[in-house]
Amino acid sequence: MPSYRNVILGGGVAAGYAAQTYVERGREPGSLCIVTAEERVPYDRPPLSKDVLAGGMDPEEAVIEEIGFYVEHDVEVVTGSRVTSIDVDGRTLETADGEAIGWGNLLVATGSQVRRLDVPGEDRGNVFYLRTAGDAERILGAAEDAATAVVVGGSFIGTEVAASLTDFGLDVTQVYREDRLLKDRPLTAEMSAFYERVFREEGVDLRPGETVARFEGRARVSKVVLESGAEIEADLVVVGIGVVPDVEIFERTAIEIDDGIVVDDRLRTAIDGIRAAGDVARWPDAIFGRRRRVEHWDCARAQGEYWARAMTGEDEAFDYLVYFFSDAFDLSWEYWGDIEGAERVVYRGTLDDGSFSAWWLAEDRVLAAFVLDRPDEERDAAQRLIRSGRSVDADRLADEEAPLPE
Ligand SMILES: Cc1cc2nc3c(=O)[nH]c(=O)nc-3n(C[C@H](O)[C@H](O)[C@H](O)COP(=O)(O)OP(=O)(O)OC[C@H]3O[C@@H](n4cnc5c(N)ncnc54)[C@H](O)[C@@H]3O)c2cc1C
């Protein structure tokens, strides 16, 4: 049985950046192994719903490190290998082909699985979900011969896919249950209205407050029927209605699961040698004083890198301010913090012209900030003000002529 000092279960974003940092820190060759169900070395997922689906980027370009990097540094990557069971006491994993792999330290980085839409016709060949590079390639393959697409979901993946397929040249209808786009994730009503205006101007047919009743068509869907009775012609459908943490194989182990794998401030589970990172980890956020699980690229990257530093001698707690970004059409925004508990929002700049920032406050402390096409000093101030928890003058924050609070 092959055995490694350090094993990463899962080959996504957390794994890729963990391996990169591990190598940068000069660990001995042959001491790290990544086991992944995917047929590829770790890659970044954000480009899949953006440049890749718009037809402007090959998924291969999204790799975090090329295959040669792993060969050169003797990092074993076992691809196409789904782990089906884990023996915590014996410190072994077993894969679907019956291969056992031993570990000294294990990083669980299994990420998320897509939530499926439970309606008749969902199993047709032209109903797609988007999680992997393979999914993106299949959607693009279908888009080549398509004129129309229906995108189900009004959150991150839905909005990005609707924008990219429109850029690709399809007529896109976007159907979502909420009454507005990106509702509270993190857009306010005014911000959603701005986004919806841009989407409509770009040609997306938005259908808020609607849910899918069924997909019609023989082998392939040709029509989407909504609960309201509306019918939409579709050559292909992409569903983006959220994800769930991939914890199935840990359910019969002593690893604590509570909407993800519960870890401490060093990303450790209660079992010696096992940590978790990325979408699957529920960790204590010291800045906000609450446990959270984050389904975003930057957190997975930061936690993967943190693990590699911990495996190579560092012993500081994981210190992180939640951050994420999204791009659709020409709108690229960034966000820091957590809007939960916010009492008011102030804006800097003008919503209508697409250059503004939003600042969520509780009493006079900034909890979260959203920045769209603004000077770098606002990006810096967002992080500084949230982390410090210092009182700010909200009127001054909202006044573009006034300098940002120190
Ligand atoms: C299309 C798309 C666009 C995105 N865009 C953005 C964005 O713009 N901004 C942003 O902040 N975030 C974005 N995200 C989210 C971000 O990519 C994720 O948060 C990130 O990938 C999480 O990293 P991870 O390593 O935890 O999991 P993943 O990257 O999902 O990797 C998990 C890996 O584990 C493997 N695995 C799971 N179970 C097993 C098993 N039993 N055996 C073997 N292998 C297993 C999987 O095959 C996969 O390779 C996007 C996600 C997607 C899908």
Side-chain angles (χ1 to χ4, degrees), residues 7-19 33-53 59 62-64 77-86 93-97 99 101 106-115 128-137 139 153 155-161 163-164 182 185-186 238-240 242-251 260-261 267 276-283 293-305 307 322-328 331-336:
V7 169
I8 304 177
L9 198 185
V13 171
Y17 288 94
C33 172
I34 298 173
V35 189
T36 173
E38 290 191 69
E39 297 290 351
R40 310 166 191 244
V41 293
Y43 55 89
D44 284 326
R45 293 180 203 279
L48 300 179
S49 49
K50 305 173 184 69
D51 291 350
V52 171
L53 274 202
V63 289
I64 295 165
V77 187
V78 185
T79 54
S81 205
R82 180 160 287 280
V83 172
T84 47
S85 68
I86 165 166
L93 304 172
E94 195 175 298
T95 69
D97 335 316
E99 197 196 341
I101 298 171
L106 179 70
L107 178 66
V108 177
T110 46
S112 301
Q113 285 185 5
V114 295
R115 210 184 279 278
F128 299 95
Y129 294 83
L130 176 57
R131 185 73 201 172
T132 65
D135 295 335
E137 285 165 349
I139 297 170
S155 193
F156 301 106
I157 297 293
T159 46
E160 292 187 358
V161 170
S164 296
L182 287 162
R185 306 196 62 188
V238 182
V239 181
V243 292
V244 288
D246 194 338
V247 293
E248 213 177 306
I249 55 167
F250 308 101
E251 275 163 3
I261 292 181
L267 308 186
D279 281 15
V280 80
R282 176 169 288 281
W283 51 280
R293 197 172 60 73
V294 174
E295 293 166 355
H296 292 293
W297 174 88
D298 188 61
C299 184
R301 174 203 59 76
Q303 293 188 336
E305 291 178 359
W307 178 80
V322 172
Y323 164 79
F324 54 88
F325 59 89
S326 178
D327 304 331
L331 308 171
S332 291
W333 54 261
E334 295 175 281
Y335 168 93
W336 292 264

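Both ligands and their constituent atoms are indexed starting at 1 by order of listing.
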Against heavy atoms of [X], which atoms of ligand 1 measure under 4.0 Å?
X	value
G111	26 (O), 27 (O), 30 (O), 32 (C)
L9	40 (C), 42 (N), 43 (C)
A109	32 (C), 33 (C), 34 (O)
D246	37 (C), 38 (N)
G278	26 (O)
G11	33 (C), 34 (O), 35 (C), 49 (O)
T110	32 (C), 34 (O), 37 (C), 38 (N), 39 (C)
E160	8 (O)

Look at [atom] and say which protein heavy atom is nearest, naming residue and atom and giving the distance to 0.1 Å.
atom	value
atom 12 (N) of ligand 1	W297 N, 3.1 Å
atom 43 (C) of ligand 1	A37 N, 3.3 Å
atom 21 (O) of ligand 1	V13 CG2, 3.2 Å
atom 22 (C) of ligand 1	D279 OD1, 3.1 Å
atom 9 (N) of ligand 1	F325 O, 2.9 Å
atom 51 (C) of ligand 1	R45 CB, 3.9 Å
atom 14 (N) of ligand 1	P46 CG, 4.4 Å
atom 15 (C) of ligand 1	E295 O, 3.8 Å

Under a plain distance cut-off of 3.5 Å, with no hydrogens placed, do E160 and S326 share a side-chain donor-acceptor pair?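 Side chains of S326 and E160: pair found under 3.5 Å.
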Is there a donor-acceptor contact under 3.5 Å linking the side chains of D246 and S112?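 On atom types as modelled, these side chains do not qualify, holding no pair under 3.5 Å.
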Between [X] and ligand 1, which residue portion shows a heavy-atom distance shorter than 4.0 Å: side chain, backbone, both, or neither?
X	result
I157	side chain
R82	both
A136	neither
F156	neither

Please test Y43 against R45 for side-chain hydrogen bond (donor to acceptor under 3.5 Å, both in side chains), starting from the C-alpha separation and ending with a verdict. CA-CA 6 Å; Y43 55 89; R45 293 180 203 279; 3.1 Å; yes
Under 3.5 Å between any N/O of [X] and any N/O of ligand 1: does that happen in this structure?
X	result
F324	no
L48	no
R131	yes
D298	no

According to side chain to side chain donor-acceptor pair (under 3.5 Å), who are the partners of S85, at least two apart in sequence or on a separate chain?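 Result, side chain to side chain donor-acceptor pair (under 3.5 Å) vs S85: none returned.
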What residues form a side chain to side chain donor-acceptor pair (under 3.5 Å) with W297, not counting sequence neighbours?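 Applying side chain to side chain donor-acceptor pair (under 3.5 Å) to W297 gives D44.
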Would you say that W333 contacts P186 through its side chain, given a criterion of any heavy-atom pair below 4.5 Å between the two side chains?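 Heavy-atom side-chain distance check passes, below 4.5 Å.
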Does R131 come within less than 4.0 Å of D279, counting only side-chain N to carboxylate O?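 Between D279 and R131 there is a salt bridge, with a charged N closer than 4.0 Å to a carboxylate O.
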Got a salt bridge between E137 and R40, using NZ or NE/NH1/NH2 to carboxylate O under 4.0 Å?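 Yes, this pair counts.
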Assert yes or no for the condition that the ring centre distance of H296 to F325 is strictly below 6.0 Å.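 Between H296 and F325, the centre distance exceeds or equals 6.0 Å.
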Crowded around R185 CZ? As in, over 12 foreign heavy atoms under 6.0 Å?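 Check fails, neighbour count at 12 or below.
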Pairwise distance CG(L130) to CG(D135) - rounded to 0.5 angstrom: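 Here the rounded value is 6.0 Å.
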Pairwise distance CD1(I8) to OG1(T36) - rounded to 0.5 angstrom: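 The OG1 atom of T36 is 10.5 Å from CD1 of I8, to the nearest 0.5 Å.
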Any donor-acceptor pair under 3.5 Å from [X] side chain to [Y] backbone:
X	Y	answer
T159	F156	yes
S164	S49	yes
T84	E94	yes

Only one of V35, V280, L106 forms a side-chain contact (heavy atoms from CB on, under 4.5 Å) with L9, so which one is it?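 Only one option passes, and that is L106.
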Compare R40, E38, K50 and give the one whose heavy atom is closest to atom 8 (O) of ligand 1.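 Ranked by closest heavy atom to atom 8 (O) of ligand 1, first place is K50.
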Evaluating non-hydrogen atoms only, which member of V41, V83, V294 is closest to atom 41 (N) of ligand 1?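 Considering heavy atoms of V41, V83, V294, the nearest to atom 41 (N) of ligand 1 sits in V83.
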Is it true that S81 lies under 4.0 Å from ligand 1, counting heavy atoms only?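 Yes, S81 has a heavy atom closer than 4.0 Å to ligand 1.
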